[in-house]
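All chains are named by letter (A, B, ...) in the order of the sequence lines, taking the proteins before the strands, and each is independently numbered beginning at 1.
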Number of protein chains: 4
Amino acid sequence: MQKYRVGVLGATGAVGQKFVELLDGHPWFEVVALAASERSAGKKYIDAVNWIGATPIPEKIADQTVVLANPEEVDADFVFSGVDASVALEMEMAFAQAGMPVISNTRNYRMEPTVPLLVPEVNPEHLALIDRQAYSDHGGFIVTNPNCSTVGLVLALLPLQKAFGLEAVHVVTMQALSGAGYPGVPSLDILSNVVPHIGGEEAKMETEPLKLFGTLTEQGIQFADFKISASCNRVSVLDGHTESVSVKLKTAADLAAIKAVFRAFEDPIAHLGLPSSPTPLIKLFEDERFPQPRRHASLGNGMTVSVGRVRADALFDVKFTLLVHNTIRGAAGGAILNAELLVSKGYLKHRI
Amino acid sequence: MQKYRVGVLGATGAVGQKFVELLDGHPWFEVVALAASERSAGKKYIDAVNWIGATPIPEKIADQTVVLANPEEVDADFVFSGVDASVALEMEMAFAQAGMPVISNTRNYRMEPTVPLLVPEVNPEHLALIDRQAYSDHGGFIVTNPNCSTVGLVLALLPLQKAFGLEAVHVVTMQALSGAGYPGVPSLDILSNVVPHIGGEEAKMETEPLKLFGTLTEQGIQFADFKISASCNRVSVLDGHTESVSVKLKTAADLAAIKAVFRAFEDPIAHLGLPSSPTPLIKLFEDERFPQPRRHASLGNGMTVSVGRVRADALFDVKFTLLVHNTIRGAAGGAILNAELLVSKGYLKHRI
Amino acid sequence: MQKYRVGVLGATGAVGQKFVELLDGHPWFEVVALAASERSAGKKYIDAVNWIGATPIPEKIADQTVVLANPEEVDADFVFSGVDASVALEMEMAFAQAGMPVISNTRNYRMEPTVPLLVPEVNPEHLALIDRQAYSDHGGFIVTNPNCSTVGLVLALLPLQKAFGLEAVHVVTMQALSGAGYPGVPSLDILSNVVPHIGGEEAKMETEPLKLFGTLTEQGIQFADFKISASCNRVSVLDGHTESVSVKLKTAADLAAIKAVFRAFEDPIAHLGLPSSPTPLIKLFEDERFPQPRRHASLGNGMTVSVGRVRADALFDVKFTLLVHNTIRGAAGGAILNAELLVSKGYLKHRI
Amino acid sequence: MQKYRVGVLGATGAVGQKFVELLDGHPWFEVVALAASERSAGKKYIDAVNWIGATPIPEKIADQTVVLANPEEVDADFVFSGVDASVALEMEMAFAQAGMPVISNTRNYRMEPTVPLLVPEVNPEHLALIDRQAYSDHGGFIVTNPNCSTVGLVLALLPLQKAFGLEAVHVVTMQALSGAGYPGVPSLDILSNVVPHIGGEEAKMETEPLKLFGTLTEQGIQFADFKISASCNRVSVLDGHTESVSVKLKTAADLAAIKAVFRAFEDPIAHLGLPSSPTPLIKLFEDERFPQPRRHASLGNGMTVSVGRVRADALFDVKFTLLVHNTIRGAAGGAILNAELLVSKGYLKHRI
């Protein structure tokens with residue numbers, strides 16, 4: 001198979017670095033364009049980037065010259081976008097209008113009616129929206145993945161939603177520092193501390209799942225109608241968002257039935273054989289001390305969502321703890337899986 | 001005023017050390033007996049204790065000889081008990097039966113029908129239970145304070161309960177390491193990590209508030225009838241439990257009314273002038289980044305409960321974040337305030 | 001005694017905030033001018049500052065209006081300077097030339113031949129340099145305190161220097177996050193990590209002690225002639241620099257003699273009764289686990305230097321661990337003690 | 001190649017777990033016996049162990065039954081020993097006398113004249129000592145690896161020792177929490193803290209390198225004659241010991257020559273092709289912020305030693321920072337490399 005030639009927008013930022021790291025050795029995709037702002041363009045990647053990862057910069061990448069992030073400079077089959085939300089609105093649209101598919105991790109177009117907000121295991125049928133994007137005639141389009149905390153939540157809810165339907169969801173997050181990018185949270189703000197606020201996060205968690213669990217109709221996505229209450233906290237953890245979740249089901253069920261559903265759950269897109277699909281999709285822990293971010297965030301190469309402490313709830317039907325790797329499944333890895341689904345469904349083409 | 005001569009049971013443990021630290025310079029109480037197990041008895045306190053506090057051992061205390069924790073060895077007007085739950089059942093009863101008031105921080109007798117589970121600002125009238133204790137004829141009795149997470153919760157709920165009544169409470173905690181005592185949580189378990197389970201904690205949080213907000217009747221305390229869902233997590237914080245709380249009120253109220261109630265709230269026992277009563281009782285933050293444990297746990301010498309991020313909740317009437325100093329208000333300081341209320345109400349006597 | 005009316009240059013920065021915090025309730029000094037850049041000038045202090053301290057902004061200070069940091073706007077008897085080194089060169093000189101004493105915590109003038117680099121217990125006689133400053137005729141002058149790591153080192157060396165003389169000093173630091181200011185070190189750089197480099201720090205530690213232990217002569221300070229090797233590391237600690245020190249003495253001495261010198265050491269300026277002088281000046285620990293930054297940095301209100309693990313060294317005469325509170329003794333508190341010495345020696349005048 | 005059948009003594013402890021983790025998928029060795037104390041013997045490994053690693057227990061291992069750690073119960077070609085020093089003295093000798101090679105990570109026999117204290121790249125010729133062990137006739141012998149801090153030090157010193165000889169070494173360590181085993185350091189002792197003492201560590205660091213760099217003679221190992229001063233600190237880091245090192249060379253050299261030696265250095269046993277030999281053996285950083293434990297401890301699968309900040313020293317010839325993964329190169333991984341060298345040199349036999 002000929003590899004797709006991919007670009008990374010915002011390649012020197014925290015998310016861009018994660019794209020570079022995760023795409024190293026990818027069987028389908030090869031990074032051929034590292035795009036960033038004028039400050040970095042023209043430099044070798046190794047000189048332009050403040051590499052924050054624990055593994056070294058991939059050798060093939062280190063000496064590539066960074067190009068300016070505009071459609072004329074980026075020669076690729078499609079691009080991943082990890083640019084800052086402040087510049088994404090114009091930049092991503094410019095690439096789409098220039099005929100380039102944009103697989104974005106940024107928040108700007110998530111709620112746009114014709115843009116799929118995609119988690120492959122949850123709503124692959126939403127990809128049909130792509131044909132309704134104005135610029136899709138020229139081959140360009142935008143697909144987004146949700147906020148890092150949302151991804152973990154909807155994947156953990158998926159078995160329950162399928163089996164019983166959802167009536168109400170209450171979630172309190174304990175989110176990792178890497179979710180704030182770099183330099184992100186000052187150490188003086190988080191050492192031996194909790195910050196009980198993350199700007200804009202709660203609103204995203206209370207709305208994005210409704211689009212993700214929504215129904216594709218002629219008029220667009222009809223949002224799901226359950227209610228969500230989200231409270232978001234930052235804790236002193238490197239990677240991995242932990243979430244305490246309580247759920248009221250549409251069809252009431254007892255704890256045994258709920259556990260059985262979690263146990264029996266299988267990845268609905270396993271048959272596609274996407275390279276980044278994890279095994280298992282949901283790791284269910286019986287040990288009540290688990291899941292824990294430092295120990296389990298990297299399960300399934302960071303693409304598995306962990307669930308534990310499934311137990312009865314005095315106010316709702318069930319409560320549990322979930323864990324999601326925020327920079328892999330919740331960002332770059334999720335976007336890569338989106339691209340893999342797009343390949344599988346025939347939405348991505350080789351340009352040469 | 002002649003100071004009360006007090007003993008500390010479990011004086012070398014984490015809670016006992018906090019009693020010693022907080023009672024240093026107390027205007028009403030003076031530590032005259034440091035009681036511990038056979039391993040420590042007979043040694044100087046400074047030699048028996050692995051002092052974990054940031055401030056030095058009080059000078060008067062350092063050279064006192066530790067005595068065995070039985071009623072014959074402890075010559076005091078009353079005792080504070082910070083002993084481990086595993087030995088508290090027999091030991092505290094032995095002291096009470098010997099005619100000694102026991103102000104306990106241990107969990108064993110909290111749910112005993114004739115034992116007040118006391119937070120002075122919440123249910124001072126429950127002290128009347130004391131007269132129903134079998135051994136109170138000889139002057140002995142037991143009074144307990146609740147679990148460290150419970151205290152913060154009931155104090156933050158108090159204004160709402162008084163103004164609107166409570167229908168349902170959902171709470172997710174992020175608890176400090178000092179709550180687990182010493183040596184407590186291994187560093188390898190919590191560095192860059194969250195532990196989503198604290199043994200027995202959720203059950204305590206789901207039941208203790210119902211006794212605390214209960215009504216004193218001829219037949220004992222009639223428990224309050226609202227429902228509580230608690231999920232407890234350990235985070236990498238030294239001192240201060242942070243809790244994300246959602247509340248459904250008995251009488252619905254809008255956010256403005258709820259905030260007004262918080263703002264107008266006054267300490268119901270301020271008129272008693274107890275030495276450990278904080279000002280304010282509840283600190284209300286408007287800055288959405290606050291409260292934070294490292295910055296605010298010590299407000300009011302650790303006796304103030306902080307509340308912030310009061311906002312509407314999609315599922316309940318209101319949600320907010322609270323913060324309580326777990327080893328002060330939530331343990332030793334709470335017990336000392338209990339003792340001060342007992343003095344104020346005439347339950348404690350000088351023996352000499 | 002009429003209080004001195006003091007200004008704080010850089011009042012909204014990390015060091016400025018510490019000046020404000022430490023001067024609250026000071027018996028000799030009262031903050032009457034909070035000076036900062038144009039961004040803050042004209043605002044109330046509480047609105048201009050991102051207060052990072054654990055204690056609240058002092059009430060009297062919160063509502064003061066911040067003024068522009070130039071001599072015309074600052075009406076005070078003298079100023080403390082905690083401004084960034086990038087602007088200090090011109091600003092501090094402007095104040096001095098305008099006739100205002102400047103007690104500076106910034107590095108710029110430390111090595112200036114006529115500027116005292118002062119630690120009151122080490123080299124109070126260096127104050128005589130003030131009269132050699134060009135602008136001292138009008139009452140203006142500059143006095144500086146050393147780098148935060150240097151202060152701890154010279155105070156711990158002082159007993160040895162007096163008793164035996166110094167031949168060579170080897171020091172490796174483990175420095176706290178607060179030493180980098182705010183926002184300072186990103187949490188992603190230091191959680192579960194050590195950063196083995198602090199820009200410019202080693203050069204300061206290798207030169208400043210030589211001026212501090214230098215001799216006042218007609219021609220200026222004749223620097224001490226021992227040699228120093230410094231290696232500086234950043235660790236995940238909030239407050240308190242820990243230093244592993246090895247010392248070769250000029251006059252060889254055995255361990256018992258060295259320990260005796262530490263034990264017998266007395267604060268050489270205790271007789272002056274300066275308000276910020278700590279007791280003891282040097283706290284000597286016998287427990288080999290101590291000193292530790294979280295437990296002991298605040299001894300003597302953060303002005304005491306702790307020394308422990310005094311033991312033989314295979315290469316030098318002795319090695320030990322020292323601990324200094326970097327933002328108190330090592331910065332704002334050290335500057336305040338300098339001002340107190342200046343008052344005591346008659347260098348500071350009331351202007352009204 | 002037929003795999004060697006290996007046993008792990010102390011298989012449920014922290015070091016034992018690391019042996020199990022690192023031996024998973026090893027090309028030469030297969031774990032066939034998990035040996036532990038009576039408390040664990042007879043249980044499945046997964047039930048006996050409190051697995052602390054971030055990766056799951058290898059599947060083949062999880063269900064193996066733990067056997068009692070005595071020679072009769074352990075059927076293997078040789079054993080790795082990660083048992084506690086308190087029981088190692090008798091146990092390891094029992095295995096050796098029973099004819100079983102013991103590759104030990106424990107400290108007990110390191111200084112025994114006939115026992116090789118081995119780092120394969122440093123002193124492979126010391127293996128000749130094995131023939132002088134009393135019990136080697138029956139095939140049994142003991143080989144040890146040094147303390148975790150020592151390994152990093154001797155490997156970083158190796159290029160300098162070969163090129164210039166060593167006169168004096170001064171080292172200050174900042175050691176990771178995993179070095180203390182599990183439960184190890186209480187979180188209350190290390191959060192926002194440094195502990196300036198690690199029991200017995202400094203003595204090991206000051207003596208073990210002298211045996212490692214010693215000369216094999218008829219009379220045994222003649223220890224090297226340079227001097228070492230070590231100061232050991234515990235810091236809040238999960239994995240990776242960082243060390244600030246100053247070195248006085250036997251033959252003086254300037255910084256350029258020293259750097260050239262580091263750059264030109266090649267692994268002296270690379271030609272043996274041992275599976276755990278890392279590339280590079282020593283990673284030299286030019287970026288003055290590096291090496292850092294969280295980012296670089298795992299280079300070369302944890303077997304590479306990192307060196308950075310090579311610079312002139314005011315007192316010695318050169319100073320630098322080194323980093324070593326304490327539980328891999330410094331413990332289990334180092335022992336596995338020792339076993340690989342023993343295979344390569346013909347010291348290990350298949351028993352069946």
#### Entry: Distance-minimising heavy-atom pair for C/Pro186 and A/Pro183
CB-O, 3.4 Å

Short donor-acceptor separations (under 3.5 Å), chain C to chain A:
| from | atom 1 | to | atom 2 | distance (Å) |
| --- | --- | --- | --- | --- |
| C/Tyr182 | OH | A/Asp189 | OD1 | 3.4 |
| C/Tyr182 | OH | A/Asp189 | OD2 | 2.6 |
| C/Val185 | O | A/Ser187 | N | 2.9 |
| C/Val185 | O | A/Ser187 | OG | 2.7 |
| C/Ser187 | N | A/Val185 | O | 2.9 |
| C/Ser187 | OG | A/Val185 | O | 2.7 |
| C/Asp189 | OD1 | A/Tyr182 | OH | 3.3 |
| C/Asp189 | OD2 | A/Tyr182 | OH | 2.6 |

### Message
To check you understand the geometry: which heavy-atom pair defines the closest contact between C/Leu177 and A/Leu188, and what is its length?
### Response
CB-CD2, 3.9 Å

